[in-house]
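Notes to accompany the following structure.
What you see below is based on every heavy atom in this structure, not just the backbone, and it leaves out hydrogens, waters and symmetry mates.
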Amino acid sequence: MMSGNALRDLNTLPASERKNDSSSKGNFTKTCNGNTIENVQELQKKNPSSVCINGGETVNAAVEVANSEVEYIESENLGDLEDVNTCLEKLLPGLESKDWVLVVETLNNVRRLSIFHREEMHSMLGDLIPLVVKSLKNPRSAVCKTAIMTSADIFSAYNDDLIEFLDPLLVQLLLKSSQDKRFVCEAAERALEVMTTSVFPMSLLPKLQPYLKNRNPRIRAKASMCFSRSVPRLGVEGIQEYGIDKLIQVAASQLSDQLPESREAARTLLLELQTVYEKSNGLSTTIPEQPEMNSWEHFCQSKLSPLSAQAVLRVTNIAREGLVIGS
């Protein structure tokens with residue numbers, strides 16, 4: 001079951017997410033005379049009005065930090081940490097900080113720990129995930145996108161160990177993948193793709209299914225795409241165990257959805273289910289001369305309403321006829 005907070009988050013997109021803020025520009029790193037983020041913070045404490053940056057130029061520290069660009073580092077380019085224990089100790093305070101630059105740095109350290117030291121951070125997941133979710137909700141694009149990239153690395157590292165913490169992460173990634181800010185949207189889509197390849201589908205599909213009926217059509221579309229990608233990973237036996245009748249009903253309901261992404265995901269899923277059904281029943285994938293009681297057509301008509309069965313068969317018959325013509 002989804003948490004109450006997850007359901008509330010889906011009701012509306014925050015107004016802040018619809019605004020274009022100054023941090024929405026792409027790649028960013030500014031080196032302050034070789035100073036790390038911690039050094040910049042120390043300089044700010046000593047002289048809150050100004051900091052010497054980039055070869056002696058004196059500027060207002062708060063303005064410079066707000067306008068500085070943050071680097072979005074791909075996972076394969078992240079290096080290991082020098083002091084793992086110290087980093088682990090600073091994780092939770094860093095993520096709780098009101099200094100967004102420190103939050104970004106800490107999120108990147110979470111990513112490094114996920115990649116290089118997953119066992120050492122495993123016990124902290126229960127405390128860590130809510131803070132990553134908090135960063136996902138942050139209106140500042142630099143924090144939000146880094147949190148999205150962090151989510152992807154966490155999925156890759158912990159797989160099914162995340163299932164009990166998945167709901168709040170999932171709802172935020174669906175929201176971010178459905179908004180207009182392109183570079184945040186694309187990062188969230190990539191994170192959702194990582195999720196569908198990392199989390200076992202038998203655990204993931206029940207989590208996704210409620211979002212297929214969400215009142216926001218863009219949320220439904222993203223959830224449909226995740227659902228369609230995840231089902232084939234079950235394999236023939238897994239699909240039979242999960243219930244091919246349940247899956248065909250899900251796919252049929254998405255065929256008439258408002259957005260083309262949902263409809264295309266439903267078509268892809270139906271073709272996968274048809275192939276699995278016919279293989280498991282020893283049926284030919286060519287057009288049969290006489291419909292049998294265990295045929296795909298009879299199966300659809302027995303599990304769906306007449307209108308839904310007609311729509312499903314129209315999709316699968318067109319694909320089958322195209323296969324026959326092309327052979």
message: Between Arg112 and Ile73, does the side chain to side chain contact (heavy atoms under 4.5 Å, CB included) criterion hold? Intermediate values first, please.
response: CA-CA 11 Å; Arg112 292 182 176 95; Ile73 310 170; 4.2 Å; yes
- request: Evaluate the criterion side chain to side chain contact (heavy atoms under 4.5 Å, CB included) for residue pair Leu92 and Met124; output intermediate values, then yes/no.
  value: CA-CA 9 Å; Leu92 300 183; Met124 299 177 65; 4.0 Å; yes
- request: Take Leu113 and Leu91, measure what side chain to side chain contact (heavy atoms under 4.5 Å, CB included) needs, and give me the verdict at the end.
  value: CA-CA 10 Å; Leu113 288 163; Leu91 276 191; 3.4 Å; yes
- request: For side chain to side chain contact (heavy atoms under 4.5 Å, CB included), just list the numbers for Leu88 and Val84, CA-CA rounded to whole Å, side-chain angles, deciding distance to a tenth of an Å, and then say yes or no.
  value: CA-CA 6 Å; Leu88 286 167; Val84 175; 3.9 Å; yes
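Nearest heavy-atom pair, Ala142 versus Trp100, reported as atom, atom and distance to 0.1 Å: CB-CZ3, 3.7 Å. Closest approach of Cys300 and Ala309 over heavy atoms only: O-CB, 3.8 Å. Between Leu255 and Arg267, the shortest heavy-atom distance links the atoms CD2-CG, 3.8 Å.
Using a distance-only test at 3.5 Å, with no hydrogens or angles considered, a donor-acceptor pair links the side chain of Arg233 to the main chain of Val199. Ser228 places no side-chain N or O within donor-acceptor distance of the main-chain N or O of Met225, the cut-off being under 3.5 Å. Side-chain N or O atoms of Asp160 include one that pairs as donor or acceptor with a backbone N or O of Phe200 at under 3.5 Å. At distances below 3.5 Å, not a single donor-acceptor pair connects side-chain atoms of Ser308 with backbone N or O atoms of Leu304. Ser262 places no side-chain N or O within donor-acceptor distance of the main-chain N or O of Gln258, the cut-off being under 3.5 Å. Within the 3.5 Å criterion, the main-chain N or O of Val194 finds a donor-acceptor partner in the side chain of Thr197. With hydrogens and angles disregarded, a donor-acceptor distance shorter than 3.5 Å links the side chain of Asn281 to the backbone of Tyr277. Remark: the backbone N or O of Pro93 is not paired with any side-chain donor or acceptor of Ser97 at under 3.5 angstrom. Under a 3.5 Å cut-off, the side chain of Ser177 and the backbone N or O of Leu174 do form a donor-acceptor pair. No side-chain donor-acceptor contact under 3.5 Å links Ser230 to the backbone of Cys226.
Within the 4.5 Å cutoff, the side chain of Lys207 has heavy atoms near those of the Leu170 side chain. Side chains of Leu173 and Phe155 form a contact here, defined as non-hydrogen atoms less than 4.5 Å apart. In this structure, Leu95 and Val110 have side chains that are in contact, with non-hydrogen atoms separated by less than 4.5 Å. In this structure, Met149 and Ser75 have side chains that are not in contact, with every pair of non-hydrogen atoms separated by 4.5 Å or more. Contact annotation: the side chain of Leu205 approaches that of Leu234 to within less than 4.5 Å [non-hydrogen atoms, C-beta and beyond]. In this structure, Glu272 and Val276 have side chains that are in contact, with non-hydrogen atoms separated by less than 4.5 Å. In this structure the side chain of Tyr158 reaches within 4.5 angstrom of the side chain of Met121, judged on heavy atoms. With contacts defined as side-chain heavy-atom distances shorter than 4.5 Å, the pair Leu131/Ser135 does not qualify.
The CD1 atom of Ile163 sits 6.0 Å away from atom CG of Leu204, with the distance rounded to the nearest 0.5 Å. The line from CG of Leu169 to CD1 of Ile154 is 6.5 Å long, rounded to the nearest 0.5 Å. Residue Arg118 holds its CZ atom at 6.0 Å from CG of Asp161, rounded to the nearest 0.5 Å. Atom OG of Ser203 is separated from atom CG of Leu162 by 11.5 Å, given to the nearest 0.5 angstrom. Note: Thr150 OG1 to Asn108 CG = 6.0 Å, rounded to the nearest 0.5 Å. If you take CG on Leu78 and CG on Asp153, they are separated by 6.5 Å, rounding to the nearest 0.5 Å.
The cationic group of Lys222 does not satisfy the cation-pi geometry with Tyr211, failing either the under 6.0 Å distance to the six-membered ring centre or the 45° limit from the ring axis.
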Could you pull out all donor-acceptor pairs under 3.5 Å where a side-chain atom in residues 236-244 meets a protein atom, sequence neighbours excluded?
from   : atom 1 : to     : atom 2 : distance (Å)
Gln240 : NE2    : Ser280 : OG     : 3.3
Tyr242 : OH     : Gln209 : OE1    : 3.3

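Asp257 has a carboxylate O that lies under 4.0 Å from a charged side-chain N of Arg220, or vice versa, which qualifies the two as a salt bridge. Salt bridge status for Glu193 with Arg190: absent, with no side-chain N to carboxylate O gap under 4.0 Å. Under a 4.0 Å N-O distance rule, the pair Asp180/Arg218 qualifies as a salt bridge.
There is a path of hydrophobic side-chain contacts, each under 4.5 Å, that joins Ile148 to Leu125. Residue Leu259 is not grouped with residue Val250 when hydrophobic side chains (ILVMFWY) are merged at heavy-atom distances under 4.5 angstrom, including chains of intermediate members.
Side-chain contact annotation: Thr106 with Lys90, donor-acceptor N/O pair under 3.5 Å absent. Side-chain atoms of Gln254 and Ser224 include a donor-acceptor pair closer than 3.5 Å.
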